[in-house]
Asker: 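Let me give you the structure first, and then I'll get to my questions.
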Amino acid sequence: MKELRGLQFCVRTFGCQMNKHDSERVAGMLEALGAFEVLKPEDADIVVFMTCCVREAADVRLLGQVASLKNLPIRAAAEDGRRGAQRATPAKKRVIAVGGCIGQRDGALLVKQLPHIDVVFGTHTIAHLPQLLAAAYVGEGAQVEVLADSVALAEGIARATDLPTHREQHWHAWLPLMTGCNNFCSYCIVPYVRGREQSRPFEEIVAEAQRLAQEGVLEITLLGQNVNSYGRDLYGKPRFAEALRAVGESGIQRLRFATSHPKDLSAETIAAFAETPTVMPQLHLPVQSGSDAVLKAMNRNYTVAHYRALIDAVREATAAQGREVALSTDIIVGFPGETERDFEGTLELVRAVGYAQAFTFIYSRREGTPAADLADDTPHEVIQERFDRLVKLVQESAYEQNAVELERVLPVLFEGTSKRDAGILTGRSPKNQTVHAALPPGSSAEDFAGTIRDVRITETRTWYLRGDLT
Ligand code: 5AD
Ligand code: SF4
């Protein structure tokens with residue numbers, strides 16, 4: 001497609017890891033057509049927004065960023081092209097594209113709201129982005145293509161996983177097991193914008209993992225809205241435990257995955273998690289609330305007692321292998337009808353589990369979801385006060401979980417240097433803790449990025465660990 005050759009593009013990503021994956025595919029696809037990625041929108045002929053509509057905050061941020069591009073001048077030539085692409089002549093115009101979950105949800109409405117948007121694409125039409133961009137660039141007016149998952153499938157539009165990719169970090173790859181979600185938690189918009197669960201064939205996933213390992217990828221993150229049900233739509237039963245073991249043995253060094261739904265976390269998966277040495281001892285298990293009444297209203301399909309039994313089983317299985325596990329979760333505060341007692345149940349659960357990390361959210365009403373029709377009469381100040389109490393408790397818990405690492409030697413996968421200090425290396429422990437260590441004099445950060453080195457921990461904080469290279 002000659003229209004895009006030589007153009008500079010910038011991708012802005014909001015939201016979850018699936019969007020990060022999709023953005024890498026967008027970058028890979030545009031580069032394969034001869035365009036070049038740049039880091040700043042002012043240098044770009046094409047700005048692509050990969051958006052999130054899970055909570056209102058993300059929605060508002062996107063609209064603000066798109067609006068601010070309207071009068072942003074186009075710079076003559078990029079100074080910081082990631083691939084060093086330098087263009088001699090100034091660009092003629094800038095094309096703005098909005099994709100991801102807001103694109104899927106709002107479609108043509110977005111162009112009405114913000115007329116300087118040139119392209120809207122959805123979560124199932126990423127493969128058509130080049131044609132849409134080219135048409136907009138040559139002046140054919142606003143281009144909108146948003147299709148339901150079943151229509152995109154019937155029309156044979158390539159899925160994101162079949163597109164070329166440009167990995168942000170050469171040692172890490174996102175590997176989607178599946179797309180979509182069948183759970184319909186009552187607060188959540190995801191099933192409406194990502195469609196139903198569609199698993200990828202088992203052999204395809206294992207072959208991809210083996211190829212990535214051969215290419216030098218050290219760490220893979222398996223992705224899905226509910227990885228525990230991976231395979232059910234294709235094989236009649238979930239095959240996530242098998243996938244963990246097979247990808248874990250593909251030649252990579254570290255395997256992570258997100259996200260697990262508690263109702264589908266099976267004994268086989270817990271065993272595979274604990275027994276596969278390359279599967280990192282980190283489990284993200286969103287609980288959402290510590291009250292059975294709220295869990296029921298959320299349509300989560302488990303109880304607090306069941307959740308706690310799962311946590312016990314995970315701790316036991318990992319301990320039997322001589323390993324410790326870091327647990328993390330998502331929690332929503334202020335779901336419609338949540339009482340002080342319900343909320344105390346959440347605090348009690350957080351105390352009992354001992355999370356290493358918890359992502360906490362204030363409930364955000366999403367139009368079109370069942371919970372949007374529920375009466376919501378708790379005053380905002382009460383919800384905010386609950387939220388603050390929860391955040392404080394989560395921070396104490398994170399601090400305690402990090403404190404046990406003092407004096408230990410941890411293998412750290414380094415990512416580069418700290419944003420604030422070029423003399424400090426930063427990386428991740430097996431439990432996914434951020435670890436800082438001083439860059440040895442005379443060496444360069446590139447020697448460390450994408451390598452695993454031992455670090456002796458000398459200082460532990462709530463959000464990070466600090467140590468010395470051994
Ligand atoms: N309001 C607040 N938080 C939400 N999440 C999903 N939908 C909403 C909503 N409407 C949170 C859940 C989920 C995480 C990705 O986002 O905790 O696990
Ligand atoms: Fe949303 Fe629930 Fe599906 Fe997660 S499992 S994506 S919270 S509907």
Side-chain angles (χ1 to χ4, degrees), residues 13-22 51-61 100-102 104-105 123 149 176-199 221 223-230 232-233 238 240 257-265 283-291 294-302 307 310 327-338 342-343 346 349-350 355 357-374 376 378 380 383-384 386-387 390-391 394:
T13 311
F14 296 77
C16 70
Q17 295 166 329
M18 195 61 92
N19 262 9
K20 289 186 185 153
H21 162 268
D22 287 354
T51 64
C52 170
C53 57
V54 165
R55 289 171 301 275
E56 195 184 2
D59 237 302
V60 171
R61 258 180 71 208
C101 294
I102 295 183
Q104 184 73 25
R105 185 190 63 185
T123 52
D149 57 344
L177 296 176
M178 61 203 300
T179 53
C181 180
N182 291 356
N183 289 310
F184 293 95
C185 301
S186 65
Y187 51 81
C188 185
I189 193 83
V190 168
Y192 307 91
V193 288
R194 287 277 173 180
R196 295 294 71 71
E197 285 178 4
Q198 277 181 41
S199 297
T221 306
L223 293 182
Q225 301 298 342
N226 175 13
V227 289
N228 295 323
S229 70
Y230 162 70
R232 191 181 278 146
D233 55 313
F240 182 56
F257 55 96
T259 298
S260 281
H261 194 306
K263 82 177 165 60
D264 297 313
L265 180 59
L283 180 65
H284 184 62
L285 198 61
V287 69
Q288 312 298 359
S289 168
S291 148
V294 174
L295 288 175
K296 193 158 197 300
M298 287 176 163
N299 192 31
R300 291 290 288 177
N301 286 301
Y302 55 82
Y307 184 91
L310 286 175
L327 297 161
S328 59
T329 199
D330 292 345
I331 298 172
I332 298 176
V333 178
F335 186 79
E338 180 191 72
D342 292 323
F343 177 68
T346 301
L349 177 82
V350 169
Y355 288 111
Q357 205 179 7
F359 300 91
T360 49
F361 309 103
I362 288 183
Y363 170 72
S364 165
R365 184 177 173 278
R366 302 284 76 196
E367 201 61 62
T369 60
D373 300 330
L374 297 176
D376 191 1
T378 313
H380 180 74
I383 294 173
Q384 185 67 49
R386 284 182 195 159
F387 183 78
L390 177 63
V391 168
V394 163

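Order of appearance sets the numbers: ligands from 1, and atoms from 1 within every ligand.
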Asker: Under a 4.5 Å cut-off applied to non-hydrogen side-chain atoms, are Arg232 and Asp264 in contact?
Answerer: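 Yes; the side chains approach each other to less than 4.5 Å.
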
Asker: Taking side chain as C-beta onward, heavy atoms only, is Cys185 less than 4.5 Å from Arg300?
Answerer: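 They are in contact (side-chain heavy atoms under 4.5 Å apart), so the answer is yes.
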
Asker: Any chance you could measure Gln288, atom CD, to Thr346, atom OG1, to the nearest 0.5 Å?
Answerer: 10.0 Å

Asker: Identify all side-chain donor-acceptor contacts of residues 364-372 below 3.5 Å with residues at least two apart in sequence or on another chain.
Answerer:
residue	atom	partner	partner atom	Å
Ser364	OG	Glu56	N	3.0
Arg365	NE	Ala372	O	3.1
Arg365	NH1	Glu367	OE1	3.2
Arg365	NH2	Ala372	O	3.4
Arg366	NH1	Cys53	O	3.0
Arg366	NH1	Asp59	OD2	3.0
Thr369	OG1	Arg366	O	2.7

Asker: Roughly how far, to the nearest 0.5 Å, is OG1 of Thr51 from CZ of Arg105?
Answerer: 8.0 Å

Asker: Test side-chain contact (heavy atoms from CB on, under 4.5 Å) on Asn183 and Gln225 and set out the steps.
Answerer: CA-CA 9 Å; Asn183 289 310; Gln225 301 298 342; over 6 Å; no

Asker: For ligand 2, is any non-hydrogen atom under 4.0 Å from Arg300's backbone (N, CA, C, O), its side chain (CB onward), both, or neither?
Answerer: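 Only the side chain of Arg300 comes within reach of ligand 2.
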
Asker: Do Ile331 and Val350 have side chains that get closer than 4.5 Å, going by heavy atoms?
Answerer: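 Of all side-chain heavy-atom pairs linking Val350 with Ile331, at least one is under 4.5 Å.
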
Asker: Check each protein residue for a heavy atom under 4.0 Å from ligand 1 and list those that pass, ordered by chain and number.
Answerer: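 Those residues closer than 4.0 Å to ligand 1 by some heavy atom are Val54, Arg55, Tyr187, Gln288, Asp330, Ile332, Phe361, Ile362, Tyr363, Ser364, Arg366.
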
Asker: Students should be able to answer this: which protein heavy-atom is nearest to atom 7 (S) of ligand 2, and at what distance?
Answerer: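 In this structure, atom 7 (S) of ligand 2 has Tyr187 OH, 3.4 Å as its nearest protein heavy atom.
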
Asker: In this structure, does ligand 2 have an atom that sits under 4.0 Å from one of the heavy atoms of Gln288?
Answerer: no

Asker: Take atom 3 (Fe) of ligand 2 and tell me which protein N, O or S atoms are nearer than 2.8 Å.
Answerer: Cys181 SG

Asker: Less than 4.0 Å between a side-chain N and a carboxylate O, is that true for Asp330 and Arg55?
Answerer: no

Asker: Go through the side-chain N and O atoms of Ser199 and Asp233 and say whether any donor and acceptor fall under 3.5 Å apart.
Answerer: yes

Asker: Would you please classify the geometry between the Tyr307 ring and the Tyr355 ring as parallel, tilted or perpendicular, with 30° and 60° separating the classes?
Answerer: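 Tilted, since the angle between the ring planes falls between 30° and 60°.
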
Asker: Output all residues satisfying ring pair (Phe, Tyr, Trp, His ring centres under 6.0 Å) with Phe361, sequence neighbours left out; order by chain, then residue number.
Answerer: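 For Phe361 there are no ring pair (Phe, Tyr, Trp, His ring centres under 6.0 Å) partners, ignoring immediate neighbours.
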
